[in-house]
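Note that ligands are numbered from 1 as they come in the structure, with each ligand's atoms numbered from 1 the same way.
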Amino acid sequence: MQDQLNETVNALVQKGKGILAVDESAPTIAKRFKAIDVESTEENRRSYRSMILSTPDLGQFISGVILFEETLGQSTDDGTLIPELLTQQGIVPGIKVDKGKLPLANAPGDEITQGLDGLAQRLEGYKEQGARFAKWRDVYSISGTTPSKLAIETNAEVLARYAAICQEQGVVPIVEPEVLIDGDHSMERCAEITEVVLHEVFHALHRHHVVLEHMLLKPSMVVPGKELQKASPKQVAKQTIRIIRRTVPVAVPSINFLSGGQAPEEATANLNAMNQHGQQPWELTFSYGRALQQLALQAWKGDPDNLKSTQTALYKRAKLNGAARYGDYSLAMESED
Ligand code: 13P
């Protein structure tokens, strides 16, 4: 089991690479498709996802892909199962295993992520279908009263239980506590909340005997609420690194940030700035959903004739984020082919 976990971590954590999240739940993918006037049918989801995952040489910059449960059992037009397609691309298949969130009782405005019941059995099935790692997302929204202490403690506990169950099944857990960007809170408040959340998460992981070497952390960056003016990549890098240095043990091999509603270029520039901010004990990389896919979705528009431009758009974002892994990205690269 330890060897299996090691092998998966090594395959996921590679220089110049990051993770692509294609694990939008049914309501979320419907929202993304609606923005380009496409109906979210099972066939449209299969067609879109198999098209982007077939992007030639995607494996140069992407080490793992997080899939939604439905996609794990779907095939490309030529009948190749999607997990098999990823393996052929040199990419590790992963799976989102949480079942979304609900309001947390007695904590107005806070939510709790569900999906622990039967998780060990589900993981056995996902493994048979080819998944080697998993993802679970907790969310924390910032307002005058949230997140409450209760929400911070309860979500951390659930996240740690998920991670422990995954490791017991030989599946590498991605631990994702997302402090939401929504609102008009300051960057300082986002920093304060992120620090408390990460402290609590690592306490819980310790209580549940999670092996830190065999997990990846997927946090949000420290940014001001989206109703305020954006901070510069330098400021984001400085504040984010200050908080993760205080809270994330060096035994964690890689920190794969989520994009959380940042524009594609913004997410790349912020990651780049972090990798220019001096030597850190972990790999600092990406596990982006929207920031990698947004331009590809806009190029696709539901038309199979747009295959080439869709794949080109995804490849370009993957490549630029690959450059940001080394701090080698520049705005000028946005206009290069
Ligand atoms: P975004 O990068 O769009 O935030 O998605 C990442 C993800 O997997 C959220 O759970």
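Side-chain N or O atoms of E111 include none that pairs as donor or acceptor with a backbone N or O of Y140 at under 3.5 Å.
Of all atoms in ligand 1, listed by their number and element, those nearer than 4.0 Å to a heavy atom of G260 are 1 (P), 2 (O), 4 (O). The distance from ligand 1 to the heavy atoms of S287 drops below 4.0 Å at these ligand atoms: 6 (C). Per-residue contacts place S259 under 4.0 angstrom from the following atoms of ligand 1 (heavy atoms of the residue considered): 1 (P), 2 (O), 3 (O), 4 (O). Interface atoms of ligand 1 facing A21, defined by a heavy-atom separation under 4.0 Å, are 8 (O). Heavy-atom proximity to D23, at under 4.0 Å, picks out these atoms of ligand 1: 8 (O).
Checking Q88 against E84 by side-chain atom types alone, a donor-acceptor pair falls below 3.5 Å. Residues Q262 and Y288 have side chains that never bring a donor and an acceptor to within less than 3.5 angstrom of each other. T71 and R46 are not linked by any side-chain donor-acceptor pair at a separation below 3.5 angstrom, with hydrogens and angles left out of the test. Side-chain atoms of R132 and T8 include no donor-acceptor pair closer than 3.5 Å.
For A191, the side-chain contact (heavy atoms from CB on, under 4.5 Å) test picks out V222, R242, I243, with sequence neighbours left out. Shown here are the ring-ring contact (aromatic ring centres under 6.0 Å, His included) partners of W136, two or more places apart in sequence or in another chain: Y162.
The distance criterion of under 3.5 Å between nitrogen or oxygen atoms is not met by E178 with respect to ligand 1. Considering backbone and side-chain atoms together, L258 places no N or O closer than 3.5 Å to any N or O of ligand 1. Looking at ligand 1, you won't find any N or O of A291 less than 3.5 Å from one of its N or O atoms. Taking only nitrogen or oxygen atoms, main chain and side chain alike, Y288 does not reach within less than 3.5 Å of ligand 1.
Heavy-atom distances between K135 and ligand 1 reach below 4.0 Å in at least one pair. Every heavy atom of A267 sits 4.0 Å or more from the atoms of ligand 1. The shell of residues lying under 4.0 angstrom from ligand 1, judged by heavy atoms, includes K218.
For R189, the CZ atom counts as densely surrounded, since its 6.0 Å shell holds more than 12 non-hydrogen atoms of other residues, nucleotides or ligands.
Of all protein heavy atoms, the one closest to atom 5 (O) of ligand 1 is G289 N, 3.5 Å. Closest to atom 9 (C) of ligand 1 among all protein heavy atoms lies E176 OE2, 3.2 Å.
When heavy-atom distances to ligand 1 are checked against a 4.0 Å cut-off, R290 comes that close through both its backbone and its side chain.
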Q. Where do R207 and E157 land on the salt bridge (Lys or Arg N to Asp or Glu O under 4.0 Å) test, with the steps shown first?
A. CA-CA 9 Å; R207 274 200 306 281; E157 184 73 11; 2.7 Å; yes
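At a threshold of 4.0 Å, the pair E283-K17 does not count as salt-bridged, since none of the basic side-chain nitrogens sits closer than that to a carboxylate oxygen.
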